[in-house]
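These numbers were taken from a predicted model, which means no experiment stands behind them.
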Amino acid sequence: MSVEALAEAVGVTPRAVRHWEAGARAVGDRAFGRLLEVLQCGAQVLTGRAPGTESLADLRREAGMSTEEAASALRRKQGARGLNISAEKIRDLERGRRVRGWTWGSAETLGQVARMLAQVYRIPDRVVMDAWHRSRPEDPLPLLPLRRARQPSGKLLGAWSSLNDRQRTYLTCIFRQDQEAEAEQRHARQVGAEQRPAAEWRRMTLALSASSDAVGYTRIQERLREAGVHDPGAGSSAAALERRGLIVVYRDRVYVDGLGDLPRTRVEMTRPGRAVARAALGVPREAGPPAPLLSSWLWKIVVRVARAGTQGVDGSLAGRGPHYLAVGQSPDGRTPSRGFIVLRHPDGVTYGPYRWFLTDSGQHHIDDHLDAYRSLYPGIDAEGVNGSSG
């Protein structure tokens with residue numbers, strides 16, 4: 001892009017762009033957010049700051065808001081009543097200073113402010129909580145308000161009502177098998193077993209084109225028979241669910257000893273399909289740990305790194321854990337990691353292999369939540385993990 005084209009897209013003068021490029025003037029808060037959109041890049045590309053190290057001010061700038069705009073957006077939130085939020089208070093909040101007039105002794109009030117910031121900046125609660133701790137390490141920990149359970153929407157229940165009895169039975173049995181497969185993968189992850197891509201285990205065999213005397217019944221067919229469907233083929237019912245966008249049907253061939261290549265029908269639940277089944281069957285989504293706590297498998301990684309202390313953990317730490325936990329990483333390419341571990345040389349060493357160590361943010365997280373983790377995951381041995389950074 002030319003200087004003029006970039007200036008027009010961002011909404012500033014070409015002179016301002018030349019000053020930015022020369023390092024003569026800092027990019028303003030609003031312009032910074034527009035730059036990220038125009039250049040289609042993450043903030044770390046422009047700032048050199050690694051994901052997982054964000055402060056509250058960083059989050060606001062990445063949202064493309066000035067302190068005045070952030071304060072105005074917060075004042076429009078229902079939970080802001082009585083807080084008299086102003087740009088000055090936002091600046092005090094970001095700089096770790098006392099915010100006059102706010103009930104800072106109340107963890108509930110702090111949690112409400114953190115939740116509103118997440119909503120205004122359109123990021124997860126946990127990202128705000130982590131940035132809050134980096135910006136205000138001496139503050140009492142905010143207590144996020146509990147989220148109210150969502151009631152099934154009329155649209156989801158209407159989709160269920162449009163199915164006939166046989167189609168409902170098929171969707172129910174496929175959903176139950178999908179949830180069983182998900183539970184097996186969750187358990188494998190917790191015990192450190194090798195992980196299979198979701199594209200593999202989400203696609204479940206519905207039927208093989210052969211006599212049941214020769215190949216038996218698939219697990220979904222067994223569920224169907226238990227539900228009273230004694231001719232569980234792979235025809236019209238599956239096709240009807242696919243037309244409604246509730247499942248995807250795959251047809252291929254598979255080799256079976258003694259029988260050769262056989263036609264196979266596999267099915268995969270779509271997100272709308274799971275949502276319809278959950279709503280109709282009254283199955284809530286599995287509640288994860290309350291924000292900002294980690295899942296059990298991520299907590300196990302943090303425990304392992306914490307126990308290693310100054311020795312660190314081998315740099316070949318397997319799995320996707322580093323994407324969620326490590327400085328400079330991101331689980332989805334957009335949302336920053338927690339920044340609780342970092343890959344670096346051991347202290348005093350300038351060459352050789354890198355190893356994983358806790359960051360200050362990681363130690364603070366342990367300090368704040370060790371007792372909660374011991375209660376939440378009693379099966380994970382956290383013995384020897386130091387719960388005090390002092």
Q: Before accepting this row, confirm whether a basic side-chain N of the pair D178/R202 lies closer than 4.0 Å to the acidic partner's carboxylate O.
A: yes
* Is it the case that R203 places NZ or CZ above or below the six-membered ring of Y250, under 6.0 angstrom from the centre and within 45 degrees of the axis? -> yes
Do the ring centers of H345 and Y354 come within less than 6.0 Å of each other?
yes
### Message
Between E62 and R49, does any side-chain N to carboxylate O distance fall below 4.0 Å?
### Response
yes
Cation-aromatic face contact R344/F357, 6.0 Å, 45 degrees:
yes
| query | Is it the case that R355 and Q311 place a side-chain donor and acceptor less than 3.5 Å from each other? | reply | no
Note to self: For a quick check under 3.5 Å, do R134 and S55 share a side-chain donor-acceptor pair by atom type?
What the structure shows: no
Hits for side-chain hydrogen bond (donor to acceptor under 3.5 Å, both in side chains) against R18, two or more places apart or cross-chain, chain-then-number order -> E4
For F32, the ring pair (Phe, Tyr, Trp, His ring centres under 6.0 Å) test, sequence neighbours excluded, returns none
ask   = What's the verdict on side chain to side chain contact (heavy atoms under 4.5 Å, CB included) for Q167 and L171, showing C-alpha distance, side-chain angles and the deciding distance?
value = CA-CA 6 Å; Q167 292 162 359; L171 185 62; over 6 Å; no
**Asked** So, E68 and R91, do they make that salt bridge, N to O below 4.0 Å?
**Response** yes
- Is the gap between the ring centers of H364 and F340 under 6.0 Å? no
Would R60 and Y121 count as a cation-pi pair here, with the cationic atom under 6.0 angstrom from the ring centre and within 45° of the axis? no
(message) Taking the basic N atoms (NZ, or NE/NH1/NH2) and the acidic carboxylate oxygens, is any pair closer than 4.0 Å for E94 and R136?
(response) no
